[in-house]
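Heads up, the thing below is written out as structure tokens.
Within every chain, numbering begins at 1; the chains are lettered A, B, ... in the order of the sequence lines, protein sequences first and strands thereafter.
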2 protein chains.
Amino acid sequence: MMTNHPSNTPCAACTSRKFSLFSDLPESQICVISDHKNLISHRKGQILYYEGTKPLGIFCINSGVVKIYKTASNGKEQIIHLAQKGDFLGYAALLGEENYSNSSMIIEDAKICFVPKDVFLSSLLRNSEFFRKVAKSLSHEIGVMEEKLTNATQKSIRERLAYVLLQLGNTYGVEGGGSQKIDVTLSREELAGIVGTATESVIRLLSEFKKDKLIELEGKKIIIKDRRGLARLSDFYGG
Amino acid sequence: MMTNHPSNTPCAACTSRKFSLFSDLPESQICVISDHKNLISHRKGQILYYEGTKPLGIFCINSGVVKIYKTASNGKEQIIHLAQKGDFLGYAALLGEENYSNSSMIIEDAKICFVPKDVFLSSLLRNSEFFRKVAKSLSHEIGVMEEKLTNATQKSIRERLAYVLLQLGNTYGVEGGGSQKIDVTLSREELAGIVGTATESVIRLLSEFKKDKLIELEGKKIIIKDRRGLARLSDFYGG
DNA sequence: TTATTTATATGATATAAATCAGATTTTCTA
DNA sequence: TAGAAAATCTGATTTATATCATATAAATAA
């Protein structure tokens with residue numbers, strides 16, 4: 001039996017699904033998920049879940065942007081990553097049978113589906129290809145985190161900021177007139193949280209990058225003018 | 001059919017297995033693994049695998065200690081973690097269907113079983129409880145890495161070193177006379193690789209900790225004299 | 001709109017930690 | 001066992017970046 005609430009369009013019709021781990025789940029499974037999911041609209045600033053609390057299901061982002069972060073003992077936020085359309089949230093905590101290891105907050109208005117724990121888990125167990133895909137995603141994430149840790153300890157703030165800008169360009173970049181606008185609204189403080197540094201340092205370095213014609217600043221938005229230059233800075237090819 | 005090479009004792013009899021992800025695999029599965037695994041002795045300094053190469057199976061540590069590390073572009077090693085008896089290596093790369101994201105080197109003479117890719121994967125698919133356990137382990141690892149990243153960006157070297165010493169004490173500590181000897185041989189350079197700092201900084205801070213009666217130094221071995229003091233340093237409870 | 005708060009920006013200063021250099025000790029090896 | 005090489009240690013110096021302080025601009029609320 002398949003219910004279909006007005007505000008709850010079926011997963012089969014979801015345009016974000018093709019970007020997600022649900023992408024090639026068989027029709028039958030999709031219907032089960034669809035039947036039990038709950039699509040909720042979130043406004044900027046809302047918290048999806050808090051570190052230390054118990055996961056009751058997983059989130060799948062239909063639209064919007066979410067920051068995943070840990071709050072350090074000095075009160076500063078370390079942003080682990082930004083999640084968008086098609087991304088799953090909270091499945092690591094669920095599979096790890098642990099409380100959330102991080103918190104998540106909406107940074108651009110979002111529509112997010114919630115799929116209850118048992119629906120998600122039984123779907124995994126009933127479909128080993130899906131399970132494998134989820135495991136693949138977890139594994140990939142580990143490699144990404146290893147890279148981030150290595151960068152954090154071995155690279156300078158300047159290098160890391162340049163690298164983060166390039167990455168943001170890859171994910172949120174809108175091309176135009178030979179330059180690339182990073183189309184996501186991040187405060188300087190949040191940018192600092194991604195890089196893992198002080199807000200003032202980010203502001204200072206952005207000014208420097210601007211002076212060096214690597215970027216342009218349009219309010220909160222950053223426009224990348226010279227990807228090659230940033231790439232040179234981000235690595236160790238001179239600098 | 002179960003072969004049993006002289007140097008290749010069956011997994012059913014392996015005393016390290018109870019610490020591993022194989023711990024409650026059913027007898028039938030154990031036999032398959034046992035039949036296809038290969039136990040190899042490794043000497044200190046040997047490389048198990050290199051970052052960027054293709055995983056052909058997984059490693060399960062029977063004895064010894066292995067460091068898992070990434071080499072940064074400045075040539076320095078960031079040690080991701082140390083692995084010991086019962087730990088699995090290389091399964092994330094296998095499940096992620098990617099090349100190794102890190103390298104691994106023996107730091108204390110080790111006996112390590114190699115289980116070929118298809119044997120491991122078919123075992124996973126045939127036993128969903130095992131698969132779930134592996135997924136749980138991957139998920140846990142992600143949380144650990146998030147914590148490490150946050151520490152790396154938000155804590156001082158002094159705090160991180162104190163924290164690393166406590167962790168090493170937990171894993172390798174041998175109690176005796178109110179103090180705890182860290183019974184694993186790490187060079188100062190490797191300790192620096194764990195903390196994510198320069199070798200000289202580690203040496204200097206160890207001297208300082210010694211002066212402050214937090215630890216004692218016996219050649220390469222470190223003896224923790226004051227866990228409480230180190231804990232105070234490692235966190236932000238004054239310092 | 002104006003007032004108030006919050007975010008961004010820039011300068012001055014302090015400091016942790018890297019780097020460079022040299023001495024001593026330990027480990028390796030021929 | 002001697003000699004060479006590597007690791008540890010300590011000191012001096014430099015540098016990147018955090019912190020503190022204050023000004024300006026932008027966002028929000030009254």
Side-chain angles (χ1 to χ4, degrees), chain A residues 43-45 72-78 107-108 150-164 182 184-212 215-223 233-234 236 239, chain B residues 43-45 72-78 107-108 150-164 182 184-212 215-223 233-234 236 239:
Chain A
R43 302 293 298 279
K44 180 173 177 160
S73 43
N74 60 2
K76 286 195 187 173
E77 280 179 11
Q78 175 61 45
I107 61 169
E108 301 220 330
T150 306
N151 283 341
T153 60
Q154 307 294 349
K155 292 196 170 191
S156 69
I157 304 288
R158 178 179 285 101
E159 289 168 325
R160 278 147 61 191
L161 177 59
Y163 188 60
V164 163
I182 297 175
V184 63
T185 306
L186 289 169
S187 68
R188 299 293 187 257
E189 190 175 1
E190 284 169 329
L191 200 45
I194 298 175
V195 174
T197 187
T199 306
E200 297 95 320
S201 297
V202 161
I203 291 172
R204 233 179 280 278
L205 284 167
L206 286 179
S207 300
E208 181 191 312
F209 289 179
K210 182 185 173 186
K211 208 189 62 190
D212 295 344
I215 61 170
E216 269 177 22
L217 300 175
E218 245 180 32
K220 285 204 196 315
K221 295 285 170 71
I222 297 167
I223 295 141
L233 258 191
S234 77
F236 285 96
Chain B
R43 302 293 300 280
K44 181 173 176 160
S73 43
N74 60 2
K76 287 195 186 172
E77 280 180 9
Q78 175 61 44
I107 62 168
E108 301 220 331
T150 306
N151 283 340
T153 60
Q154 307 293 349
K155 291 195 171 192
S156 69
I157 304 288
R158 177 179 287 103
E159 289 168 325
R160 277 147 60 190
L161 177 59
Y163 188 60
V164 163
I182 296 175
V184 62
T185 306
L186 290 168
S187 67
R188 299 292 187 257
E189 190 175 1
E190 284 168 329
L191 201 44
I194 297 175
V195 175
T197 186
T199 306
E200 297 95 321
S201 297
V202 162
I203 291 172
R204 232 179 280 276
L205 284 167
L206 286 178
S207 300
E208 181 190 312
F209 288 179
K210 183 185 172 187
K211 208 188 62 191
D212 295 344
I215 61 170
E216 269 176 23
L217 301 175
E218 245 180 34
K220 285 205 199 313
K221 294 285 170 70
I222 296 167
I223 294 140
L233 259 191
S234 75
F236 285 95

Give a yes or no on this: more than 12 heavy atoms of other residues, nucleotides or ligands lie within 6.0 Å of atom NZ of B/K221.
-> yes
Give a yes or no on whether A/E208 atom CD has more than 12 heavy-atom contacts from other residues, nucleotides or ligands under 6.0 Å away.
-> yes
In this structure, how many angstroms lie between the [atom2] atom of [N] and the [atom1] atom of [X], rounded?
X	N	atom1	atom2	answer
A/F209	C/dT10	CZ	P	15 Å
B/K221	C/dT27	NZ	C1'	15 Å
A/E208	C/dT10	CD	P	12 Å
B/E200	C/dG22	CD	P	14 Å
B/N74	C/dT19	CG	C1'	13 Å
A/E159	C/dA18	CD	C1'	13 Å

Taking C-beta and beyond as the side chain, do [X] and [Y] meet within less than 4.5 Å on heavy atoms?
X	Y	answer
B/I215	B/I182	no
B/L161	B/L206	yes
A/I222	A/F209	no

Looking across every strand, which nucleic acid part, if any, lies under 4.0 Å from B/I203 by heavy atom: base, sugar-phosphate, or nothing?
-> base
So what does B/K210 touch, heavy atoms closer than 4.0 Å: a base, only the sugar-phosphate, or nothing?
-> nothing
To the side chain of A/K220, which of C/dA17, C/dT8, C/dT19 is closest?
-> C/dT8
Taking for each residue the nucleotide of DNA chain D with the nearest heavy atom, is it A/R160 or B/R204 whose nucleotide lies nearer the 5' end?
-> B/R204
Map B/T199 and A/S201 onto DNA chain D by nearest heavy atom, then report which one ends up closer to the 5' terminus.
-> B/T199
5' to 3' on DNA chain D, which nucleotides open and close the contacts with chain B (atom under 4.0 Å from a heavy atom)?
-> D/dA7 to D/dA12
Donor-acceptor pair under 3.5 Å: do we get one between B/R188's side chain and the base of C/dT25?
-> no
Is there a side-chain polar atom (N or O) of B/T197 under 4.0 Å from OP1 or OP2 of C/dA18?
-> yes
Heavy-atom closest contact (B/R160 atom, A/T153 atom, distance) | NH2-CG2, 3.8 Å
Passing candidate, side chain to side chain contact (heavy atoms under 4.5 Å, CB included) with A/K220, options A/V184, A/T185, A/L191 | A/T185
Could you check A/G219 against A/T153 and say which one's nearest nucleotide on DNA chain C is further toward the 5' end?
-> A/G219
